[in-house]
2 protein chains.
Amino acid sequence: MKRNTREHILEISLSLFNELGEPRVTTNQIALEADISPGNLYYHFRSKHDIVLELFKRFLAQFQPLLEVPENSSLEAEDLWFQLHLSFELKGRFRFLYRNLTDLAHQVPNLGKAFLGLLRMERKAVRGLIESLERQDKLRITKNEKTLLLNNLMLALTYWISYAELIDADGLANGSVQTNAIAGVLQLVIPYLRPPDRKQFTELVQGYAN
Amino acid sequence: MKRNTREHILEISLSLFNELGEPRVTTNQIALEADISPGNLYYHFRSKHDIVLELFKRFLAQFQPLLEVPENSSLEAEDLWFQLHLSFELKGRFRFLYRNLTDLAHQVPNLGKAFLGLLRMERKAVRGLIESLERQDKLRITKNEKTLLLNNLMLALTYWISYAELIDADGLANGSVQTNAIAGVLQLVIPYLRPPDRKQFTELVQGYAN
DNA sequence: GTCTATATCTAGATAGAC
DNA sequence: GTCTATCTAGATATAGAC
């Protein structure tokens, strides 16, 4: 049962963190919900920080593969949409990490640097996608515009879920948040696409945006 | 000296909240920095929440006037730039409010609803600006695009400072954060502007983006 | 208005029996 | 591995003297 209890603690923690926010979830509460004693929780984890860090590791392990973009594939709109869907779905499942970014980074040792590393990787991947579209001459953009676009894309990729959650707390359950986030991100890119692809992306976005 | 101590507590609180994050600042710490006793602090404020709420009120009182857009002025690029500058400068001075948005809203009674109201007002003001540009035929945009643009604008207006702070903790001091935020926001609008204004805005943005 | 001293409470974490 | 009982620390907040 060793493995099982540990996993169970992680599951319960994740759902409580997401629901209530990590700072408002106590270890006693986790133990209570997990139907174990507080002492037992501390047998499996040395601290609450450890739980957070382990959850971050799990998130990272699932997120990193999504950032490995096949370099010279032809990148249709649907591919991008699908990639974004997977990515936002995952971020939604670990949304407590994104909600508190600055605070978590300051509170949990090592988490700050790890998260910064993640953001850098993601930025690099997004830049790769844009430049791949450029090479296929599907997208035209100046150097300065590209930097600004990258900033705005990263902002949307990082904070869309927190923002949506703030505006409409129920939207995460029915999936509308993810859909709107994807539409928002794609819309950022559309102005720089050349006409045929712009048309294709626009139709996709209009179909999904509510 | 009554008024003075109260104001002093607010000043110290604001700077500590901004620097360290509200959850990591204790009332004892505030008292210590303010060179008063903890008891005295509680003579002036009934709780820590009260301090946060009072700071929010101050922020609101300064922010609301910025949202009152003169309806039919001709809205040059420089005007927008200036408006954004004031707005981001103010948000920077109260950035602790934006850093913890979800958590603060859950922790401090009444703050959540108040902040949502503020966001709604800001959205309305931004919509007003866009539609003013439309009426002057400086901007052309479809209904669907407008909704998506508004979302992305609100995201940038709400989270740019937190994001910048995360990436580069020192950027707030030298003002580069504010400048980049403005450039990012304006760049979101540029694709929908008609050529003469697009050119004007683009030059402005290129001049300021680093 | 301001201080010192302290009450109260809660969260994280540990000890030791089973 | 798991439990019960408990320690400790730190934070909010109050009491009462000056």
Side-chain angles (χ1 to χ4, degrees), chain A residues 1-56 96-97 99-100 103-112, chain B residues 1-56 96-97 99-100 102-111:
Chain A
M1 291 293 163
K2 183 187 173 192
R3 208 81 227 150
N4 232 312
T5 301
R6 193 180 153 86
E7 292 302 314
H8 190 221
I9 292 170
L10 287 171
E11 273 173 42
I12 297 286
S13 299
L14 178 57
S15 85
L16 286 175
F17 288 167
N18 280 337
E19 196 189 342
L20 305 170
E22 180 271 340
R24 275 179 305 291
V25 176
T26 71
T27 48
N28 285 336
Q29 214 177 335
I30 297 171
L32 188 73
E33 287 275 324
D35 265 315
I36 60 170
S37 66
N40 193 5
L41 184 148
Y42 279 91
Y43 171 80
H44 290 282
F45 292 93
R46 282 189 1 220
S47 71
K48 190 183 167 190
H49 289 168
D50 263 29
I51 299 180
V52 172
L53 272 175
E54 181 62 29
L55 286 172
F56 176 72
F96 85 96
L97 289 170
R99 201 153 42 194
N100 283 20
D103 279 345
L104 265 183
H106 279 88
Q107 248 161 52
V108 183
N110 306 322
L111 188 56
Chain B
M1 291 293 164
K2 184 189 173 192
R3 207 84 228 147
N4 232 312
T5 302
R6 193 182 153 85
E7 290 304 312
H8 191 220
I9 292 170
L10 286 172
E11 273 174 43
I12 298 286
S13 298
L14 178 56
S15 86
L16 286 174
F17 288 167
N18 280 337
E19 195 189 342
L20 305 170
E22 180 271 341
R24 275 179 305 290
V25 176
T26 72
T27 48
N28 285 337
Q29 214 177 335
I30 297 172
L32 187 74
E33 287 275 323
D35 266 316
I36 60 169
S37 66
N40 195 4
L41 185 148
Y42 279 92
Y43 171 80
H44 290 281
F45 293 93
R46 284 190 1 222
S47 70
K48 190 182 166 190
H49 289 168
D50 263 28
I51 300 179
V52 173
L53 272 176
E54 181 61 28
L55 286 172
F56 176 71
F96 85 95
L97 288 170
R99 202 153 42 195
N100 281 23
T102 328
D103 279 345
L104 266 183
H106 278 88
Q107 247 160 53
V108 183
N110 307 323
L111 188 56

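So that the names make sense, note that chain A is the first sequence line, chain B the second, and so on, each numbered from 1. Hydrogens, waters and symmetry mates are skipped; everything else that's a heavy atom, side chains included, is used.
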### Task
Under the side-chain hydrogen bond (donor to acceptor under 3.5 Å, both in side chains) rule, collect the residues that match up with A:T27, sequence neighbours excluded.
A:Y42
### Task
Given salt bridge (Lys or Arg N to Asp or Glu O under 4.0 Å), test B:E22 with B:K48 step by step and report yes or no.
CA-CA 10 Å; B:E22 180 271 341; B:K48 190 182 166 190; 3.4 Å; yes
### Task
Would you indicate whether the side-chain heavy atoms of A:L104 and A:F56 approach each other to under 4.5 Å?
no
### Query
Is the shortest heavy-atom distance from the side chain of A:R24 to the side chain of B:D103 under 4.5 Å?
yes
### Task
Summarise how protein sits on nucleotides 3-18 of chain D as a single string, 5' to 3': B when a protein heavy atom is under 4.0 Å from the base, S for sugar-phosphate-only contact, - for no contact.
BB------SBBB----
### Task
Before giving the answer on side-chain contact (heavy atoms from CB on, under 4.5 Å), spell out for A:F96 and A:E19 the whole-Å C-alpha distance, their side-chain angles and the decisive distance to 0.1 Å.
CA-CA 8 Å; A:F96 85 96; A:E19 196 189 342; over 6 Å; no
